[in-house]
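See below for the structure under consideration.
Chain A is the first sequence line, chain B the second, and so forth, proteins listed ahead of strands; every chain is numbered from 1.
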Amino acid sequence: MRFSKLFIPTLREIPADAEAVSHILMLRAGYVRQLAAGLYIYLPLGWKVIGKINAILKEEMDRIGGQEISMPVLHPAEIWKQTGRWDAIGGEMFRLKDRSDRDLCLGMTHEEIMTWLASKEIRSYRDLPQVWYQIQTKLRDEARPKSGILRTREFIMKDSYSFDTTDEGLNTNYDLHAQAYHRIFGRCGLRFMQVESDTGMMGGAGAHEFMAPSPAGEDEVAICPACGYAANVELALSTPVGNAPADWAREEVHTPDKRTVQEVSHFLKVKPSYFIKSILVMAGPTPVLALVRGDQELHEKKLTKIIGPFRPAQKAEVKEILGVEAGFIGPMGQKVRIVGDACLKEGIYVSGANKPHYHLKGIAADRDFSAEWHDIHTARGGDVCPFCSGTLHVERVIEIGNIFKLGTKYSEPLGAVFLDENGNEKAIIMGSYGIGPARIAAAAIEQNNDKDGIIWPRSIAPFDVELIPLNMADPTTTATAEMLYQALAERGIEVLMDDRNERAGVKFKDADLIGIPTQVILGEKNLKEGLVEIKDRKTKETIKVKAEEVAEKIASLL
RNA sequence: CGGGGCGUAGCGCAGCCUGGCUAGCGCACCUGCCUUGGGAGCAGGGGGUCGGAGGUUCGAAUCCUCUCGCCCCGACCA
């Protein structure tokens, strides 16, 4: 393609509204424009990149037996009501009515519709397994769209769904998807990892997320370099580094007006890790006392899995239920349900004395109080891996894909059943698997850029080569450019030729910004000797090659 | 939804606090000349009514009220 004929509105300055590197660069390099919060227009270059990614997705999905279909974006409410999600999902679902006042919604995902199709068409175990996928627009009224293309209200997703007769079948399809995802992200040139993830409200037997490390990400994962354990911090297990043994005798200490761990720690000159933080929460009407070490944070999702949904208790409730004001509460002698973080089982600690302005030093689990022991703290870098005693580190990541074992969560309510070999009716066992192509693009930029712009991985770059004739007024330059343009095209190499009548500097700047991995530079002086330069966008390495050998040389590089 | 910030030309910004000539600057854009290895130079030119509505005032980009939009932090994220 010729630059002069392509709409590539590059920006010299950084748009004020952009923060994330990928966002800034996609705007500056003319890949996208924003229509409204969370709504983006893909310009020619941006759409080409998405097309490259989608092509890879299709190849790899087809390779594991996926069959591409296409489903409506507009859904009747009835199906979502049958699975309970019409009511379970809040403001995140776009809802509307048609002219006859029927409830409809815009699809945030397609479990319901895929399962509906299966319920209509699948009869026998002989019809299974099936893997159906689509690359389709999803709509979610996000509470907070952000980071450019990373979190939008309308986005494209590759979503696939597996239908099996047995758990073994599901496991097979699940593993196939995991393998396909590894190939996909690898081919897209990303640094990524597969981590254990929270099944959340999806329920079911297991889930993994695929994560691309980047400071622009919204999630954090805990990783053990020693044994390979990797999990979203939403569920990552860890053991905080233990305290040096303390040999305090049990004693009540006066701590006037010292309520927080910070204050008491400072006052008593005892490190926060020797404290037990007692947090009263209300699981519905039931009070529960959660205990975590003074230097740790309670992880609400972990606790939710144990006691169900809860909210923090109010100050008045603390006094009424525990008989002492917040700040001096401790686990001793309390009759409420107590859930303690497992690391508190060992060691001697300080906690509130259940008596205003007093703390109790020298208490130990089992001897002075008891609790149900669970991992309820938030994993942090430096914690010990619970599986191999290596040291965990925590990294910020972009979620680029996920895989879920759904089981029969959708097939049961929608009546997606089959008859097995013995004529017994059974619910289809399902899995669902998603990838966001736009997030792949954004993650690729986040991971591959420099001060001058984007550095695309070859596989998803909008073009393979950018031809840069520096002086369009020089006949030799333009003639050589045309010759090379043809020669490269004949070899199936996608070329962008910057045929604009711009000065050299402008062309160099734009080329670096746009990020096509290979540049071919035609300068007058080199051409006098019959030479052109091939420059690598990433390394900036330049080689001089005879003009007539360029096509061949580049073909060997790609 | 809670907290914070910002809306002035296509982009980036100044002016606002302390109302007052014709609303500025850089880049971009148009014309001509010139230039062609890292966002050139000279000359000339076009473009905004200050997010919107209402109010105060002799007078509002500037003060007040309401409203819309966008960004960031948090909550949420099936």
Can I get a per-line list of side-chain donor-acceptor pairs under 3.5 Å for residues 7-25 of chain A, giving both atom names and the distance, sequence neighbours left out?
residue, atom, partner, partner atom, Å
Thr10(A), OG1, Asp510(A), OD1, 3.1
Ser22(A), OG, Glu446(A), OE2, 2.7
His23(A), NE2, Tyr40(A), OH, 2.9

Donor-acceptor list for residues 512-524 of chain A side chains, cut-off 3.5 Å, not counting sequence neighbours:
residue, atom, partner, partner atom, Å
Asp512(A), OD1, Gln519(A), NE2, 2.8
Thr518(A), OG1, Arg458(A), NH2, 2.1
Glu524(A), OE1, Asn471(A), ND2, 3.0

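rG44(B) is paired with rC30(B) under the criterion used here, namely a Watson-Crick or G-U wobble arrangement in which both key atom distances are under 3.5 Å. Of all nucleotides present, only rC6(B) satisfies the Watson-Crick or G-U wobble test against rG69(B), with each distance under 3.5 Å. When both distances must be under 3.5 Å, the Watson-Crick or G-U wobble mate of rG59(B) does not exist. Of the nucleotides present, rC1(B) is the one that pairs with rG74(B) by Watson-Crick or G-U wobble criteria, both distances under 3.5 Å. Base pairing annotation: rG24(B) forms a Watson-Crick or G-U wobble pair with rC13(B), both donor-acceptor distances under 3.5 Å. Of all nucleotides present, none satisfies the Watson-Crick or G-U wobble test against rG39(B) with each distance under 3.5 Å.
Applying the side-chain contact (heavy atoms from CB on, under 4.5 Å) rule to Val394(A) yields the partners Glu220(A), Ala222(A), Val233(A); only residues at least two apart in sequence or on another chain are considered. Listed by chain and residue number, nothing satisfies the salt bridge (charged side-chain N to carboxylate O under 4.0 Å, His left out) test with Glu549(A) (two or more places apart in sequence, or in another chain). Residues meeting the side-chain contact (heavy atoms from CB on, under 4.5 Å) test with Val221(A), sequence neighbours left out: Met193(A), Val195(A), Met211(A), Ile223(A), Glu395(A), Val397(A). For Asp375(A), the side-chain contact (heavy atoms from CB on, under 4.5 Å) criterion is met by Leu237(A), Lys302(A), Asp341(A), His377(A), not counting sequence neighbours. For Asp103(A), the salt bridge (charged side-chain N to carboxylate O under 4.0 Å, His left out) criterion is met by Lys81(A), Lys97(A), not counting sequence neighbours. Contacts of Lys538(A) classified as side-chain contact (heavy atoms from CB on, under 4.5 Å), with partners at least two apart in sequence or in another chain: Asn448(A), Ile455(A), Asp536(A). Every residue was checked against the salt bridge (charged side-chain N to carboxylate O under 4.0 Å, His left out) condition with Arg28(A), not counting sequence neighbours, and none meets it.
Of the candidate nucleotides rA40(B), rA78(B), rG37(B), rA78(B) has the atom lying nearest to any side-chain atom of Thr109(A). Picking from rC72(B), rG39(B), rA78(B) the nucleotide with the shortest atom distance to the side chain of Leu513(A) gives rG39(B). Closest approach to the Arg503(A) side chain among rC70(B), rU36(B), rG37(B) is made by rU36(B) (side chain taken as heavy atoms from C-beta onward). The side chain of Ala16(A) lies closest to rG12(B), out of rA78(B), rG37(B), rG12(B). Checked against rG37(B), rU36(B), rC76(B), the side chain of Ile521(A) finds its nearest nucleotide in rG37(B). The nucleotide whose nearest atom lies closest to any side-chain atom of Lys146(A) is, among rC73(B), rG39(B), rC71(B), rC73(B). Nearest to the side chain of Arg140(A), among rA78(B), rA75(B), rU36(B), sits rA78(B).
Here Gln34(A) lies in heavy-atom contact (under 4.0 Å) with sugar-phosphate atoms only. Within 4.0 Å of Pro9(A), counting heavy atoms only, lies no atom of the nucleic acid at all. In this structure, Arg28(A) reaches the bases: a heavy-atom distance under 4.0 Å links it to at least one base atom across the strands shown.
Summary of the strand contacts: Gly90(A) and Met472(A) both lie near RNA chain B, and taking for each the nucleotide with the nearest heavy atom, the more 5' one is attributed to Met472(A).
Annotation: rA78(B) and rG4(B) have their P atoms spaced 28 Å apart (nearest Å).
Across residues 523-535 of chain A, Gly523(A), Asn526(A), Glu533(A), Lys535(A) each have a non-hydrogen atom less than 4.0 Å from an atom of RNA chain B (numbered order).
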What does the list of N/O pairs under 3.5 Å between the protein and nucleotides 26-28 of chain B look like, with a distance for each?
residue, atom, partner, partner atom, Å
rG26(B), N2, Glu13(A), OE2, 2.5
rC27(B), O2', Arg12(A), NE, 3.4
rA28(B), OP1, Arg12(A), NH2, 3.4

Using a cut-off of under 3.5 Å, enumerate the N/O to N/O pairs linking the protein to nucleotides 2-9 of chain B.
none

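Atom CG of Asp87(A) is separated from atom P of rA78(B) by 18 Å (rounded to the nearest Å).
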